[in-house]
Amino acid sequence: MADYTNQWLCQQIIDNAADAIIFGDKDGIVRLWNAGAERIFGFHAEEIVGKSLDLIIPENLRERHWEGYEQTMRTGRTQYSRNLLAVPALRKDGTRISIEFAIAVIHDTNGKLLGPAAIVRDVTVRWNQEKELRQRVATLEAEIGKLCGLTKTG
């Protein structure tokens, strides 16, 4: 028999995960914010627990976010329980970052929908590298196009 409880093990996973683990209640109020979330977003738990998820959602994306959030709360389902969602987010200092996350819809023991939990990863470095690579490819394609154009007419 294990020398620990399931509850202790779950808490250790939440506390020690490098990824952000965030739970928002049915109204979009942050109720769980782990150390990974602190590292990624720059807010300490005591600064954000009890406040709206709006603090990490860019203003121009909030309407779309809340439409999806409300639909998940109405239906109890989201496509992002199996698929990653990639979106921009905000750090405490206002810096935009790129994140990917999956959602786990959480119900109480009676089946009542409590809210979504998100497992979030900061992919800003990878996203910037891919953006730079796409720009370099576009530049090279344009240069090749010019060279081919000169060759054909010359």
Side-chain angles (χ1 to χ4, degrees), residues 1-140:
M1 188 156 174
D3 292 335
Y4 50 83
T5 65
N6 191 44
Q7 182 176 355
W8 178 87
L9 180 60
C10 290
Q11 191 63 53
Q12 291 301 305
I13 293 168
I14 290 167
D15 291 345
N16 293 295
D19 289 341
I21 301 175
I22 302 168
F23 174 75
D25 68 15
K26 62 183 176 54
D27 298 316
I29 303 301
V30 176
R31 299 298 175 194
L32 175 71
W33 187 266
N34 75 339
E38 290 182 356
R39 182 183 56 76
I40 291 170
F41 294 100
F43 289 96
H44 291 285
E46 58 271 9
E47 295 176 287
I48 198 162
V49 171
K51 297 189 176 147
S52 173
L53 287 165
D54 277 345
L55 290 173
I56 61 171
I57 303 166
E59 191 171 340
N60 64 319
L61 299 177
R62 288 180 187 159
E63 183 177 343
R64 192 164 131 202
H65 165 82
W66 291 114
E67 287 171 3
Y69 199 96
E70 290 165 6
Q71 180 180 357
T72 297
M73 294 311 301
R74 269 192 321 275
T75 64
R77 293 188 314 270
T78 176
Q79 65 179 330
Y80 303 112
S81 61
R82 288 185 168 70
N83 302 314
L84 287 177
L85 176 60
V87 295
L90 290 176
R91 289 183 43 81
K92 179 182 176 181
D93 66 6
T95 305
R96 275 179 94 119
I97 60 174
S98 296
I99 61 171
E100 290 179 346
F101 65 95
I103 299 289
V105 180
I106 308 299
H107 297 82
D108 70 12
T109 55
N110 296 318
K112 179 183 174 189
L113 180 58
L114 299 176
I119 312 300
V120 182
R121 178 164 290 166
D122 182 350
V123 295
T124 305
V125 170
R126 186 185 79 212
W127 193 89
N128 286 337
Q129 289 170 339
E130 290 172 357
K131 180 180 176 184
E132 182 182 330
L133 185 59
R134 285 189 302 271
Q135 290 171 338
R136 290 174 70 190
V137 167
T139 300
L140 288 171

What's the shortest heavy-atom distance between L90 and L55, and which atoms?
-> CB-O, 4.0 Å
Please check if the side chain of N110 supplies one atom and the backbone of K112 the other of a donor-acceptor pair under 3.5 Å.
-> no
Of all the heavy-atom pairs spanning I21 and I14, show the shortest one and how long it is.
-> CD1-CA, 3.9 Å
Donor-acceptor pair, side chain of R96 and main chain of P88, under 3.5 angstrom | no
Pairwise distance CG(N34) to CZ(R39) - rounded to 0.5 angstrom | 9.0 Å
Is it the case that more than 12 heavy atoms not belonging to R62 sit under 6.0 Å from its CZ atom?
-> yes
Mind listing the closest non-hydrogen atom pair of F43 and R91 along with its distance?
-> CE1-C, 4.3 Å
To the nearest 0.5 Å, atom CD1 of I56 lies from atom CD1 of I97 at 8.0 Å
Is there a donor-acceptor contact under 3.5 Å from the side chain of T124 to the main chain of S98?
-> yes
Going through the distances and angles, do L85 and T78 end up as a side chain to side chain contact (heavy atoms under 4.5 Å, CB included)?
-> CA-CA 11 Å; L85 176 60; T78 176; over 6 Å; no
Please indicate whether E46 has more than 12 foreign heavy atoms, meaning atoms of other residues, nucleotides or ligands, lying under 6.0 Å from its CD.
-> yes
So which heavy atom on G28 is nearest to which on Y69, and how close?
-> CA-OH, 3.4 Å
Atom CD1 in I103, atom OG1 in T72: separation rounded to 0.5 Å?
-> 7.0 Å
P116 versus D25, closest heavy-atom pair with distance | CD-O, 4.4 Å
Ring pair (Phe, Tyr, Trp, His ring centres under 6.0 Å): pairs with one or both residues in residues 87-118, sequence neighbours excluded | none
Side chain to side chain contact (heavy atoms under 4.5 Å, CB included) between L113 and M73, worked out = CA-CA 7 Å; L113 180 58; M73 294 311 301; 3.6 Å; yes
So how far is it from I119 CD1 to L84 CG, rounded to the nearest 0.5 Å?
-> 11.0 Å
Donor-acceptor pair, side chain of D27 and main chain of I29, under 3.5 angstrom = no
So, do Q11 and Q7 sit near enough that their side-chain heavy atoms are less than 4.5 Å apart?
-> no
Which ring pair (Phe, Tyr, Trp, His ring centres under 6.0 Å) pairs, counting each pair once, include a residue from residues 14-33, with sequence neighbours left out?
-> W33-F41
Do L53 and I22 touch side chain to side chain, with heavy atoms closer than 4.5 Å?
-> yes
Shortest non-hydrogen contact between E100 and A86, atoms and distance = CG-CB, 3.9 Å
D122 side-chain N/O to A20 backbone N/O, donor-acceptor pair under 3.5 Å = no
Approximate separation, where rounding is to 0.5 Å, of E38 CD and E47 CD | 8.5 Å
